[in-house]
Amino acid sequence: MDFAAILLQWFKKNGRSLPWRETNDPYAIWLSEVILQQTRITQGTSYWERFMAQWPTVNDLAAATEDEVLKAWQGLGYYSRARNLHTAAQQVVELGGFPQTFKDLKTLKGVGDYTAAAIASIAFSEPAAVVDGNVYRVLSRYYSIDTPVDSTKGKKEFQALAQSLLPTNEPADYNEAIMDFGAVQCTPTSPRCNTCPLCETCIAFREQRINELPVKSKKVKQRKRHFTYLYIEYEGKIAIHQRGAGDIWQGLWELPQAEQLTSATDNVWKTEAQPLQKGVKHLLTHQILLADFYLWHPKVHPQLPSDFIWIKRQNLDNYALPRLIEILIKEIPT
Ligand code: SF4
């Protein structure tokens with residue numbers, strides 16, 4: 001049996017049973033693929049179920065407001081995915097339906113090679129190979145390939161190899177099989193080589209270099225940032241504002257930061273506010289955030305920039321918040 005046949009056989013016995021695998025609705029499949037990028041299956045599944053219940057069709061999602069979509073996305077991180085999802089849903093409606101080929105799917109906002117291949121193969125049976133982190137890992141180990149997977153050369157090489165291995169009559173099962181195999185059997189650490197149906201022909205296993213593969217060339221540089229947040233409560237209301245474009249958390253709502261206060265107000269809060277937490281660490285992909293958090297009950301109405309609004313605490317649920325802000329606010333008793 002060849003590589004693909006072994007994987008397909010493994011998949012029949014060990015494939016994960018997931019709700020979006022019960023359908024070939026491109027909307028449901030697309031939603032699952034977008035949610036599951038950077039998200040664990042267990043967490044992603046509950047989000048997928050909620051999105052499908054709230055917006056059962058792409059038309060429903062397109063008709064939602066961006067705020068509603070961001071709110072439903074809250075807790076998943078990488079909010080540009082939610083904004084792209086919303087824009088792409090509107091594109092699909094304008095087009096009169098889902099594009100049905102790998103090439104046309106890529107015209108949708110936020111849909112790259114991986115997502116287009118997943119939708120094209122699973123919903124429309126197009127023989128387009130998916131290449132994600134699981135696929136890089138399985139192929140680099142099985143064939144003992146040293147080319148860095150994050151290099152242009154590596155991306156081309158692995159894409160071509162994945163495509164050459166794809167059985168054209170079973171693209172959906174094969175794509176799902178190799179991704180599940182990477183997630184369940186050939187895992188990043190401690191792969192289950194002893195029970196692996198590919199171990200007899202796996203080169204990395206034979207050469208005992210599993211832990212060296214896949215190779216990555218770039219080290220992600222992380223930027224450290226410091227934020228000082230104030231929970232300002234005045235006459236039963238708290239101040240929040242929506243973050244703009246060009247930085248993290250675009251479109252999400254947050255509390256005032258010390259630097260946003262006017263200098264007159266600034267001097268007052270320093271004497272009146274009560275420190276609640278210092279140096280709360282929050283990790284993003286390329287940034288390390290350190291947040292100090294203060295509680296302030298000002299005696300007079302504080303001056304804030306005009307984009308701030310005052311809302312009742314119980315209405316905070318209507319606003320999409322970054323996870324860090326959500327965590328900080330939970331510290332304040334209602
Ligand atoms: S033998 Fe080990 S390294 Fe090779 S494919 Fe199987 S699980 Fe992965």
Side-chain angles (χ1 to χ4, degrees), residues 1-18 20-21 29 32-33 35-45 112-118 120-122 126-220 285:
M1 269 202 289
D2 66 6
F3 177 83
I6 294 173
L7 271 190
L8 284 165
Q9 197 178 56
W10 176 93
F11 184 60
K12 283 201 179 83
K13 275 196 214 143
N14 304 287
R16 294 173 294 184
S17 148
L18 301 165
W20 48 88
R21 288 190 175 164
I29 293 161
S32 74
E33 293 300 341
I35 288 174
L36 290 177
Q37 287 162 24
Q38 323 274 355
T39 304
R40 286 169 178 276
I41 289 261
T42 36
Q43 189 196 15
T45 304
D113 286 352
Y114 166 77
T115 312
S121 61
I122 299 167
E126 182 177 335
V130 294
V131 182
D132 71 346
N134 289 312
V135 177
Y136 280 130
R137 189 166 56 256
V138 174
L139 296 184
S140 67
R141 287 176 176 168
Y142 186 74
Y143 290 98
S144 191
I145 301 170
D146 287 312
T147 318
V149 296
D150 53 353
S151 63
T152 311
K153 185 170 175 255
K155 282 180 188 154
K156 272 194 193 153
E157 191 176 330
F158 281 97
Q159 184 68 56
L161 176 59
Q163 193 61 39
S164 73
L165 294 166
L166 182 84
T168 51
N169 56 339
E170 289 180 276
D173 280 0
Y174 174 81
N175 277 339
E176 287 174 347
I178 193 165
M179 289 191 287
D180 276 14
F181 187 82
V184 174
Q185 188 88 33
C186 194
T187 50
T189 49
S190 316
R192 298 173 180 169
C193 302
N194 293 338
T195 59
C196 175
L198 291 168
C199 74
E200 279 179 23
T201 41
C202 173
I203 303 177
F205 181 68
R206 194 172 65 220
E207 294 175 349
Q208 297 191 357
R209 54 191 310 260
I210 293 157
N211 295 335
E212 295 163 29
L213 297 166
V215 173
K216 282 193 183 164
S217 57
K218 289 178 208 153
K219 279 221 156 123
V220 178
T285 315

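For ligands, and for the atoms within them, numbers begin at 1 and follow the listed sequence.
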Check whether [X] reaches the backbone of [Y] with its side chain - one donor and one acceptor, N or O, closer than 3.5 Å.
| X | Y | result |
| --- | --- | --- |
| D150 | S217 | yes |
| S144 | R141 | no |
| D180 | G15 | no |

Determine whether the side chains of T195 and Q185 contain a donor N or O and an acceptor N or O closer than 3.5 Å. yes
Rounded to the nearest 0.5 Å, what separation is found between the CZ atom of F181 and the CZ atom of F3? 7.0 Å
Nearby protein N/O/S atoms (those under 2.8 Å) for atom 6 (Fe) of ligand 1, with water ignored: C196 SG
Identify the heavy atoms of P167 and Y174 that sit nearest to each other, and give their distance. CD-CG, 3.4 Å
